[in-house]
J.: 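Below you'll find the structure I mean.
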Amino acid sequence: MTHKQVRTRFAPSPTGPLHMGGVRTALYNYLFAKKNGGDFLLRIEDTDQTRYVEGAEQYIINALNWCGITIDEGVSVGGPFAPYRQSERKELGIYRDYAEQLIRSGNAYYAFDTAEELESMRKRLAEEGNPAPTYNFAVRHSMSNSISLGSEETKSRLNAGTPYVVRLKVEPGQTILLNDMIRGEVSFNSDIVDDKVLLKSDGMPTYHLAHIVDDVLMEITHAIRGEEWLPSAPAHAMIYKFLGWEDRMPRYAHLPLLLKPEGNGKLSKRDGDRLGFPVFPLEWTDPSTGEVSSGYREKGYYPEAFVNMLALLGWNPGTEQELFSMEELVNAFTMEHVHKSGARFDPEKTRWFNEQYLRKKPTNEIAERISKLVASAFELADTDHRLNSSYLEKAVELLRDRVQFEQDMPIVGSYLFKAPTSYEEAVVAKKWKPALLPFFNDLNNRLSHCSPFLREPIDAIIKECASANGIKTGEIMQLLRVLVSGQGGGVDLIGMLELLGNEEVCRRLHNGLKAMPQ
RNA sequence: GGCCCGUUCGUCUAGGGGUCUAGGACAUCUCCCUUUCACGGAGGAAACACGGGUUCGAUUCCCGUACGGGCUACCA
């Protein structure tokens, strides 16, 4: 018995930037495919021309790229089943062929109803107390379609060029069973399935027809999508059956949704930055309004951290491991461990993930990346010694456990690159006494002669100087810090002095002492 | 409203008839380390929605209720 090669697809609609829920769907598709030695495809479902957004498709590709989700086949890379863009496939007449096949077999029909007629039908039904006014078996006979009109009238309308749609003909009274990979068996009564539009009046297929045709033609084996599709799944099962494709139907998996951190509802694109965190992987500028939505990348998140966080939102490895590389995710991923219920997104934990990855990053890489940031933030010349890799690397070592993002380093450790211009008042008020001036002058003098200017000798000098002046180190350590850095807290004090070097330390000490109240 | 799906600490989750005195992580609190702030370490508080079954025994299985979510378009 030969197993079919596993093939999954991510099939977004280019109606704007991909939000993190979409990224997670792509990720799970990717992980599942890779775990099973299969392929991951990208198909663009651009069948709604009215919602097409310029740049959205490229954004999707860029986002997947940034996340390290590699596309084996599809838009941007091509493949044997091209084209992978539904608008282009429509030009080939692919969908119309199948819609017509369904009409011939009596499982679909032409409908000529106008938008106004549909609206008044729903209104009428609602007034009659119908809990779910839909176009279905109960109303199709009173609407304008090939069933109510008969073949003659239908033909003449078609010939006259009357706009029409093709609708699925759903027979009532049937039970449709679905075997979902995550939810197990789910059952529906066909009475509640409406006569869905399959082909729109502009000739484009709807999602319902298009995804099925393409999944079969592209030999997709597993359709992993969001839970919002579950209610239309019975209609999809019927289409497979009517097209004679029951044995080619992929297995479906309906993923739980990502919920807002607080309040109600699923996380949506509209949430944007309103909630204080990005919902998009990459920054996005709306082409029509110019409105900018922030992205995880621009906020300084590592893609590994973002992906790791997303993977664990709705899935777990069954072990207590939390940090996963993409490769480890692939190995550990199973659909059995995907949760059924929605997962509330937690921005705080996302930051924690980033922190974990920051800890593991090689120092020289970080130093290289923050170099430009430092240069511009402190207006340093290219030749400035503080931009030397050895200086930057030491700064990174001092700062790395204190920040969650690389770009916070120059902010949190500004005093490593710039002499203070003010001195934390609370500390000065509490600890400074003019009587300490002789001690600090002595210390400054001793430090100026300290060579090599390294941790041990610096430490020794401070202690010697304190005892020579009859002062306890506890009285002066924090003052020393404030005098040199301006702040009452910060990186390891001796490490900071060592990095700054004795010239700089002595200069800062000198200026600091002048600024102290007499 | 109707249909479908779901419900373990505040959050993400482990566990799925007895091993549960319900485990981990984030957040939170306390202490230690650190003459600072973090990091780190130790510890604490914190959950099986409720009601009925089934069973010798239910957090685990079934039913109902409540609550949450999704869908209810010529959008995906």
Side-chain angles (χ1 to χ4, degrees), chain A residues 11-15 22 45-48 50-51 86 111 113-115 118-119 122 126 129-135 163-167 178 180 182-183 186-189 191-194 196-208 210-211 225-234 254 256-257 259 261-262 264-266 309 312-323 337 339-353 355-356 359 398-403 412 424 427 431 472-482 485 487-493:
Chain A
S13 187
T15 55
E45 311 222 326
D46 54 349
T47 53
D48 186 350
T50 64
R51 294 208 307 157
Q86 289 183 331
D113 315 274
T114 63
L118 291 173
E119 199 184 325
R122 291 201 182 91
N130 187 321
T134 51
Y135 201 121
Y164 67 91
V165 300
V166 174
R167 281 182 183 272
L178 256 90
D180 183 87
I182 294 166
R183 283 148 221 285
V186 183
S187 101
F188 298 85
N189 186 314
D191 291 11
I192 57 100
V193 180
D194 61 332
K196 288 193 191 309
V197 170
L198 263 20
L199 209 61
K200 299 187 262 190
S201 54
D202 64 1
M204 279 283 188
T206 59
Y207 169 84
H208 306 293
H211 95 276
R225 57 172 20 170
E227 191 186 358
E228 70 266 28
W229 291 110
L230 199 48
S232 53
H254 290 96
L257 268 15
L259 274 18
E262 44 211 40
N264 302 330
K266 67 169 172 175
M309 173 281 294
L312 259 20
L313 224 45
W315 169 84
N316 74 83
T319 67
E320 279 170 7
Q321 183 179 352
E322 290 208 276
L323 266 19
H337 275 113
H339 238 244
K340 291 188 180 76
S341 46
R344 228 174 247 280
F345 170 66
D346 183 355
E348 204 133 23
K349 187 134 190 191
T350 309
R351 272 179 245 127
W352 178 82
F353 273 109
E355 193 182 312
Q356 299 307 305
R359 299 276 166 78
L398 287 171
L399 288 162
R400 83 183 310 151
D401 284 346
R402 329 178 64 79
V403 298
V412 169
E424 197 169 318
V427 179
K431 301 244 171 174
K472 283 188 245 144
T473 50
E475 291 181 62
I476 50 88
M477 291 304 263
Q478 202 181 4
L479 272 174
L480 175 57
R481 173 188 288 285
V482 171
S485 76
Q487 299 180 16
V491 301
D492 170 57
L493 177 58

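The chains referred to below are lettered A, B, ... by the order of the sequence lines, with proteins before strands, and numbering in each begins at 1.
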J.: Could you run down nucleotides 68-75 of chain B 5' to 3' and tag each one B, S or - for protein heavy-atom contact under 4.0 Å?
T.: -SBSS-BB
J.: For A/Thr350, report the nucleic acid contact type (base, sugar-phosphate, nothing); a contact means any heavy atom under 4.0 Å.
T.: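 If one applies the 4.0 Å heavy-atom cut-off, A/Thr350 turns out to touch nothing in the nucleic acid.
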J.: Looking at every strand, decide which applies to A/Arg351 at a 4.0 Å heavy-atom threshold: base, sugar-phosphate, or nothing.
T.: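 No contact at all - A/Arg351 keeps every heavy atom at 4.0 Å or more from the nucleic acid.
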J.: Contact class for A/Val186 (heavy atom, under 4.0 Å): base, sugar-phosphate, or nothing?
T.: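 Sugar-phosphate, no base atom in range.
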J.: Roughly how far apart, to the nearest Å, are B/G18 and B/U59 at atom C1'?
T.: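 It comes out at 12 Å once rounded to the nearest Å.
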J.: Which atoms of nucleotides 29-33 of chain B (N or O only) lie under 3.5 Å from a protein N or O atom, and what are those distances?
T.:
none

J.: Under the 3.5 angstrom rule, does the side chain of A/Lys200 hit a backbone N or O of A/Thr47 as a donor-acceptor pair?
T.: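 Such a contact is found between A/Lys200 side chain and A/Thr47 backbone.
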J.: Within residues 316-323 of chain A, find the residues that approach RNA chain B with a heavy atom at under 4.0 Å, and present them sorted by residue number.
T.: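 Close to the strand are A/Asn316, A/Glu320, A/Glu322.
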J.: If you look at every strand shown and take non-hydrogen atoms under 4.0 Å, does A/Arg183 touch a base, only sugar-phosphate, or nothing?
T.: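 Sugar-phosphate, backbone atoms only, no base.
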J.: Can you find a side chain N or O atom of A/His339 that sits less than 4.0 Å from OP1 or OP2 on B/A14?
T.: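 Yes.
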J.: Whole angstroms only, please: what is the CE-C1' distance between A/Met309 and B/C26?
T.: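 Spelled out: CE on A/Met309 to C1' on B/C26 is 13 Å.
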J.: For B/C20, give the paired nucleotide (Watson-Crick: N1-N3 plus N6-O4 or O6-N4; G-U: N1-O2 and O6-N3; both under 3.5 Å), or none.
T.: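 Result: none.
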J.: Inspect the contact between A/Arg351 and A/Glu355 and indicate whether a charged nitrogen and a carboxylate oxygen are less than 4.0 angstrom apart.
T.: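 Here A/Glu355 does not pair with A/Arg351 in a salt bridge, since their nearest N and O are not under 4.0 Å apart.
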J.: Hey, can you tell me if A/Tyr207 and A/Trp229 have their rings parallel, tilted or perpendicular (30° and 60° cut-offs)?
T.: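 Answer is parallel, since the angle falls under 30°.
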J.: Could you state the interatomic distance from CD (A/Gln86) to CE (A/Met204), rounded to the nearest 0.5 Å?
T.: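 With rounding to 0.5 Å, CD (A/Gln86) is 9.0 Å from CE (A/Met204).
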J.: Round to a whole Å and report the spacing from CH2 of A/Trp352 to P of B/U28.
T.: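 Spelled out: CH2 on A/Trp352 to P on B/U28 is 14 Å.
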J.: So if I take every side-chain heavy atom of A/Phe188 and compare against B/U13, B/C4, B/G40, which nucleotide ends up nearest?
T.: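 Nearest listed nucleotide: B/C4.
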J.: At 4.0 Å (heavy atoms only), tell me whether A/Gly314 reaches a base, stays on the sugar-phosphate, or touches nothing.
T.: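 Result for A/Gly314 = sugar-phosphate.
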J.: When you measure from the side chain of A/Ser13 to the backbone N and O of A/Thr15, does any donor-acceptor pair fall under 3.5 Å?
T.: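 No, A/Ser13 side chain to A/Thr15 backbone: no donor-acceptor pair under 3.5 Å.
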J.: What integer number of Å spans the C1' atoms of B/G70 and B/U28?
T.: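 To the nearest whole Å, 33 Å.
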J.: Is it the case that more than 12 heavy atoms not belonging to A/Glu475 sit under 6.0 Å from its CD atom?
T.: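 Result for CD/A/Glu475: enclosed.
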J.: So for A/Lys349 and B/A25, does any side-chain atom that can act as donor or acceptor lie under 3.5 Å from a complementary atom in the base?
T.: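 Between B/A25 and A/Lys349, which were checked side chain against base, a qualifying N/O pair under 3.5 Å is present.
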